[in-house]
Undergrad: 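Just dropping this structure here.
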Amino acid sequence: MLISLSEIMTTKDKVVQARVPIDLDRFEFQGESYEFQKKDSMELTITNLGNKKVLIEGGTDLSLKLFCSRCLKEVVYPMNISVSKEIDFNLTEEERTEDLDETNYIIGYNLDVDTLVYNEILIGFPLKLLCDEGCKGICKNCGANLNEKTCDCDNTEYDPRMSVIRDIFNNFKEV
Ligand SMILES: [Zn+2]
Ligand SMILES: [Zn+2]
């Protein structure tokens with residue numbers, strides 16, 4: 001959803017509070033598409049700071065359906081989104097983009113709420129997620145979920161640094 005900031009910016013001391021829906025249907029990232037388990041509207045406060053500057057504050061709670069990094073089981077991941085962004089319209093769009101923060105959620109004089117939320121999800125997106133600290137994962141050989149059953153595969157993993165010692169040991173045996 002786009003929210004026009006031009007009226008706020010041209011009215012002195014103007015503060016606008018609004019509850020806006022998040023139109024984002026899914027969270028797309030690295031070729032994957034994740035569903036929302038929960039998605040609320042966003043509580044926004046936009047303040048005219050004067051001198052063509054606007055403060056955007058907002059927050060919402062949402063949950064994404066993600067997957068365990070080891071066994072691929074679905075894991076509901078709650079996120080608390082909270083933003084506070086100062087936008088300086090004295091700068092050009094290019095200057096604002098260079099200005100540390102990616103401000104691609106500002107289009108002209110409009111705020112793109114969905115892009116703002118998308119960026120925040122991206123920042124908080126877990127690189128690794130486990131259904132449980134003790135998750136045993138999936139057997140690399142037969143694909144069995146090792147939390148549910150055991151398999152007969154030999155999954156002993158050798159530390160490559162150990163193989164040198166093993167070779168020495170084997171050579172020693174042959175003597
Ligand atoms: Zn797991
Ligand atoms: Zn197996």
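For reference, positions follow the sequence shown, starting with 1. Heavy atoms only: backbone and side chains are in, while hydrogens, waters and symmetry mates are out. Counting starts at 1 for both ligands and their atoms, following the listed order.
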Undergrad: Please work out which of the three classes, parallel, tilted or perpendicular, describes the rings of F29 and F125, given edges at 30° and 60°.
TA: perpendicular
Undergrad: Quick one: angle C153 SG - the Zn ion (ligand 2) - C151 SG, to the nearest 10°?
TA: 110°
Undergrad: May I have the angle between C142 SG and C139 SG with its vertex at the Zn ion (ligand 2), rounded to 10°?
TA: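 It rounds to 110°.
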Undergrad: Given the Zn ion (ligand 1) as the apex, I'd like the angle to SG of C68 and SG of C131, rounded to 10 degrees.
TA: 110°
Undergrad: Between N147 (side chain) and C135 (backbone), is there a donor-acceptor pair under 3.5 Å?
TA: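 Pair absent, no side-chain N/O of N147 close to backbone of C135.
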Undergrad: How close do S6 and S4 get, heavy atom to heavy atom, and via which atoms?
TA: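 Minimum heavy-atom contact is OG-OG, 3.0 Å.
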Undergrad: Whether the side chain of S69 engages the backbone of L129 through a donor-acceptor N/O pair (distance < 3.5 Å, no angle test) should be reported.
TA: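 Such a contact is found between S69 side chain and L129 backbone.
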